[in-house]
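Read through the structure below, which is laid out as structure tokens, and then see the notes.
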Amino acid sequence: AARSAAFSQLFIGQYLTLISPAAEMIRATNNVGATPLHVAAGNGLPWVLEWLCRQLTADDVNRGRPNRPNMTPLADAADGLYRHVFLQQFEQHVEGQYEWHSRRIEDYKTTIQTLLRFGAAASI
């Protein structure tokens, strides 16, 4: 089960709707070609990611970076999951790190499940 957020999904959605820029900004890329969806997926932020997915199409959910077309939001989330699984094993004897990585692993699992629910294709 995913850990609960400090704020509800409803609150986060309403807040993001209030502060969100125009729709074209949600699809804009940064200097490394990542959209806000890539950033949310790569950082394991399922609450933000779900709101973004509701604003986008399945094509947007599957869109890779311009300079790296295979780096989709799903690939970014998978990289994050892999990183935390690896670090959890590597840092298992460091006080507090095992538990922290466990929480982050659950966030990434929820992120991946959310992307799949909104049309992410693992075969791209």
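Just the heavy atoms: all of them, side chains too, but no hydrogens, waters or symmetry mates, feed the values below. If you're wondering where the values come from, they're calculated on a predicted model, not measured in any experiment. We're numbering straight along the sequence, starting at 1.
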Review point. To the nearest 0.5 Å, how far apart are CH2 in W51 and OG1 in T114?
Key: 15.0 Å
Exercise for review: For residues P66 and G33, report the shortest heavy-atom separation together with the two atoms involved.
Suggested key: CD-O, 3.3 Å
**Study point:** Any side-chain heavy-atom pair of R104 and R83 under 4.5 Å
**Key:** no
**Study point:** Atom CD of Q89: over 12 foreign heavy atoms under 6.0 Å
**Key:** yes
Practice item. Find the distance between CD (E91) and CD (Q97) and round it off to the nearest 0.5 Å. Key: 5.0 Å
Check your understanding: Do other residues, nucleotides or ligands put more than 12 heavy atoms under 6.0 Å from R68 CZ?
Key -> no
Check your understanding: Where the side chain of H38 meets the backbone of T35, is there a donor-acceptor pair that is under 3.5 Å apart?
Key -> yes
Check your understanding: Does N62 use its side chain to pair, donor to acceptor, with the backbone of G119 at less than 3.5 Å?
Key -> yes
Check your understanding: Can any side-chain N or O of Y108 pair as donor or acceptor with the backbone N or O of G42 at less than 3.5 Å?
Key -> yes
Study note, to complete from the structure: Distance col, row T29:OG1 vs R65:CZ, nearest 0.5 angstrom, shows 10.0 Å
Review point. Atom CD1 of I105 and atom OH of Y98: how far apart are they, to the nearest 0.5 Å?
Key: 7.5 Å
Exercise for review: Please determine which of D76, L52, D60 meets the side-chain contact (heavy atoms from CB on, under 4.5 Å) test together with L37.
Suggested key: L52
Check your understanding: How about P73 and V61: do any of their side-chain heavy atoms sit closer than 4.5 Å?
Key -> no
**Study point:** Same apolar cluster: L116 and Y82, side chain cutoff 4.5 Å
**Key:** no
**Study point:** L87 reachable from I112 in the ILVMFWY side-chain graph, under 4.5 Å edges
**Key:** no
**Study point:** A77 to T111 - nearest heavy-atom pair and separation
**Key:** CB-CG2, 3.8 Å
Exercise for review: Check whether any side-chain N or O of N43 sits under 3.5 Å from a backbone N or O of L45 as a donor-acceptor pair, and report yes or no.
Suggested key: no
Exercise for review: Taking all heavy atoms of R27 and all of Q55, pick out the closest pair and write down the distance.
Suggested key: NH2-O, 3.8 Å
Exercise for review: Could you tell me whether the side chain of E106 and the main chain of S102 form a donor-acceptor pair under 3.5 Å?
Suggested key: no
Check your understanding: Below 4.0 angstrom, N of the basic side chain to O of the carboxylate: do E99 and R103 qualify?
Key -> no
Practice item. Determine, using the 4.5 Å side-chain heavy-atom cutoff (strictly less than), whether V39 and F118 are members of one ILVMFWY cluster. Key: no
Review point. Side-chain heavy atoms under 4.5 angstrom apart, residues restricted to Ile, Leu, Val, Met, Phe, Trp, Tyr: same cluster for M71 and L49?
Key: no
Check your understanding: How close do A28 and P36 get, heavy atom to heavy atom, and via which atoms?
Key -> O-CD, 3.4 Å
